[in-house]
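Okay, structure first, notes after.
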Amino acid sequence: MINQIEIPESFPGPGAVSGKRVVITGASRGLGTLLVHAFSQAGAAVALVARTERDLKAVTETLPGPSLIFSGDVTDEDFNEAVADELVAEWGGVDTWICNAGISPIVASPLKTNASVWRQVLEVNLTGAFLGARAASRVMGKGGRLIFTGSVLGERPRKGLTAYSASKAGLVGMAKGLALDLAPAGITVNVVAPGWFDSPMAEGWKNNPDLSAAIIDHTAQRRWGAPSDLAGAYLFLASDASAFVTGTVFTVDGGYLLL
Ligand SMILES: NC(=O)c1ccc[n+]([C@@H]2O[C@H](COP(=O)([O-])OP(=O)(O)OC[C@H]3O[C@@H](n4cnc5c(N)ncnc54)[C@H](OP(=O)(O)O)[C@@H]3O)[C@@H](O)[C@H]2O)c1
């Protein structure tokens, strides 16, 4: 029976990630950069992944704690494995791997979405996340954390974003499958599904008054997500406090999915 007395004094608070070794893909701008700063300020060592080395270097210049950068493509199997090996060599392992890199290159009807665009979106958003998760799980010990950045559009699509929605819905199925497969190893796997945040990816929506108003109108809290709204979910899922949370979707959307 659960008894309050059984909770140890040292029970970790949400966000207790100090000293953890955390990989963040898509770290060179937008939500990934936000997460890099949040984890670094919380005392984690952060490994930043994206294709553009120059941008990654610029992000690390203002971090308060240890960091490494890895420039490469998350769709490259060997690159993911090399990042994992390098982190074992440099830091002795990995505690949390956040598969956050993603693309949403076009808004187009299905008839105008050609096969190469379809494959590109699935390749980065879904296959890239799988390859990162696989490399991570090879080197993670008990207590490892895999976190995927999904999207509310994985559950409730908007017109013209079918490939993107399919990729984000796919992440949920993948996270649940991996959560089952990796539970014996003590690794949890979860998805954070953000609503609408003003990043470079979303600026076409934010800067268009009609589209932006439509988003606000569709969000119970009547606003876009602010930078301070997002990182808490990831910090919790990376902390020891979330040890019994796996195979879930943690939605951070101001009530977008309610309307
Ligand atoms: N912004 C939102 O409102 C929102 C809402 C829900 C979900 N999301 C999701 O949140 C994640 C981050 O989005 P964001 O808005 O921050 O987008 P963003 O501003 O466009 O940033 C995308 C990041 O991913 C990296 N990236 C893209 N393709 C890559 C590849 N093949 N290999 C390695 N890195 C790659 C980019 O760097 P390089 O180009 O240098 O590689 C960049 O760092 C995405 O998964 C997105 O789907 C965003």
Side-chain angles (χ1 to χ4, degrees), residues 23-38 46-60 69-80 82-83 97-107 119-133 135 147-158 161 163-172 174-175 191-208 211-212 214-216 218-219 223-227 229-231 233-234 249-254 256-257:
V23 176
I24 300 167
T25 74
S28 62
R29 60 176 184 265
L31 306 188
T33 297
L34 181 70
L35 295 176
V36 167
H37 281 279
V46 285
L48 288 70
V49 175
R51 289 167 302 180
T52 316
E53 187 172 14
R54 179 186 70 244
D55 295 346
L56 290 174
K57 280 188 177 149
V59 174
T60 57
I69 61 170
F70 296 95
S71 52
D73 195 314
V74 294
T75 66
D76 179 339
E77 186 174 4
D78 293 341
F79 170 68
N80 282 289
V83 171
W97 194 301
I98 300 174
C99 299
N100 169 76
I103 57 169
S104 181
I106 55 153
V107 176
R119 289 195 182 106
Q120 188 193 10
V121 173
L122 273 287
E123 186 73 3
V124 177
N125 295 2
L126 192 54
T127 307
F130 174 73
L131 295 176
I147 307 172
F148 300 135
T149 299
S151 168
V152 287
L153 299 183
E155 185 170 335
R156 168 112 31 106
R158 289 190 83 89
L161 289 165
Y164 182 81
S165 293
S167 72
K168 296 300 186 180
L171 278 178
V172 175
M174 187 168 84
V191 176
V192 175
W196 291 79
F197 287 81
D198 183 11
S199 70
M201 180 187 280
E203 71 182 353
W205 296 77
K206 185 74 170 39
N207 294 340
N208 179 315
L211 290 177
S212 182
I215 298 302
I216 291 168
H218 201 300
T219 302
R223 64 178 177 86
W224 281 64
D229 290 324
L230 188 67
Y234 290 85
V249 180
F250 193 147
T251 302
V252 185
D253 70 346
Y256 182 84
L257 290 181

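Worth knowing before you read on, the calculation uses all heavy atoms, side chains too, and leaves out hydrogens, waters and symmetry mates. Numbering of ligands and ligand atoms starts at 1, following listing order.
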Within the distance-only criterion (no hydrogens, no angle test), does the side chain of [X] pair as donor or acceptor with the backbone N or O of [Y] below 3.5 angstrom?
X      : Y      : value
Thr219 : Gly254 : no
Asn125 : Ile103 : yes
Asp229 : Ala226 : yes
Ser71  : Arg51  : no

Pairs of nitrogen or oxygen atoms closer than 3.5 Å, one from [X] and one from ligand 1: do any exist?
X      : answer
Asp55  : no
Pro194 : no
Arg51  : yes
Asn100 : yes
Leu31  : yes
Val124 : no
Ser199 : yes

Identify which one of Asn100, Thr149, Ile147, Thr251 satisfies the side chain to side chain contact (heavy atoms under 4.5 Å, CB included) criterion when paired with Val192.
->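 With Val192 as partner, side chain to side chain contact (heavy atoms under 4.5 Å, CB included) holds for just one option, Ile147.
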
How long is the gap from [atom1] on [X] to [atom2] on [Y], to the nearest 0.5 Å?
X     : Y      : atom1 : atom2 : value
Ile24 : Leu34  : CD1   : CG    : 9.5 Å
Leu35 : His37  : CG    : NE2   : 10.5 Å
Thr75 : Arg119 : OG1   : CZ    : 14.5 Å

[atom] - nearest protein heavy atom and its distance:
atom                    : answer
atom 43 (O) of ligand 1 : Ser28 OG, 2.6 Å
atom 26 (N) of ligand 1 : Ala101 CB, 3.9 Å
atom 8 (N) of ligand 1  : Tyr164 OH, 3.6 Å
atom 19 (O) of ligand 1 : Pro200 CD, 3.3 Å
atom 5 (C) of ligand 1  : Gly195 O, 2.9 Å
atom 18 (P) of ligand 1 : Arg29 NE, 3.6 Å
atom 13 (O) of ligand 1 : Met201 CE, 4.0 Å
atom 22 (C) of ligand 1 : Gly102 O, 3.8 Å

Ligand 1 versus Ile103: contacting region, heavy-atom distance under 4.0 Å = side chain

Is ligand 1 under 4.0 Å from a heavy atom in the side chain of Phe197, in the backbone, in both, or in neither?
-> both

When you measure from the heavy atoms of [X] to every atom of ligand 1, does any distance fall below 4.0 Å?
X      : value
Ala193 : no
Asp73  : yes
Gly225 : no
Trp224 : no
Gly128 : no
Lys168 : yes
Ser104 : no

Report yes if the side chains of [X] and [Y] come closer than 4.5 Å at any heavy-atom pair, otherwise no.
X      : Y      : result
Arg158 : Ile215 : yes
Val74  : Cys99  : no
Leu131 : Phe79  : no
Phe130 : Asn80  : no
Leu153 : Lys168 : no

Indicate the atoms forming the closest heavy-atom contact of [X] with [Y], along with that distance.
X      : Y      : value
Gly170 : Leu126 : C-CD1, 3.5 Å
Ala50  : Ser28  : CB-OG, 3.5 Å
Trp97  : Gly132 : CE2-O, 3.7 Å

Considering residues, nucleotides and ligands other than Glu155, do more than 12 of their heavy atoms fall under 6.0 Å from its CD?
-> no

List ligand 1 atoms under 4.0 Å from [X], heavy atoms only on the residue side.
X      : answer
Ser151 : 6 (C), 7 (C)
Ala27  : 43 (O)
Gly72  : 32 (N), 33 (C)
Gly30  : 16 (O), 19 (O)
Trp196 : 3 (O)
Thr149 : 9 (C), 10 (O), 11 (C)
Thr52  : 38 (P), 40 (O)

Whether Trp224 and Trp196 hold their rings parallel, tilted or perpendicular, with breakpoints at 30° and 60° | perpendicular

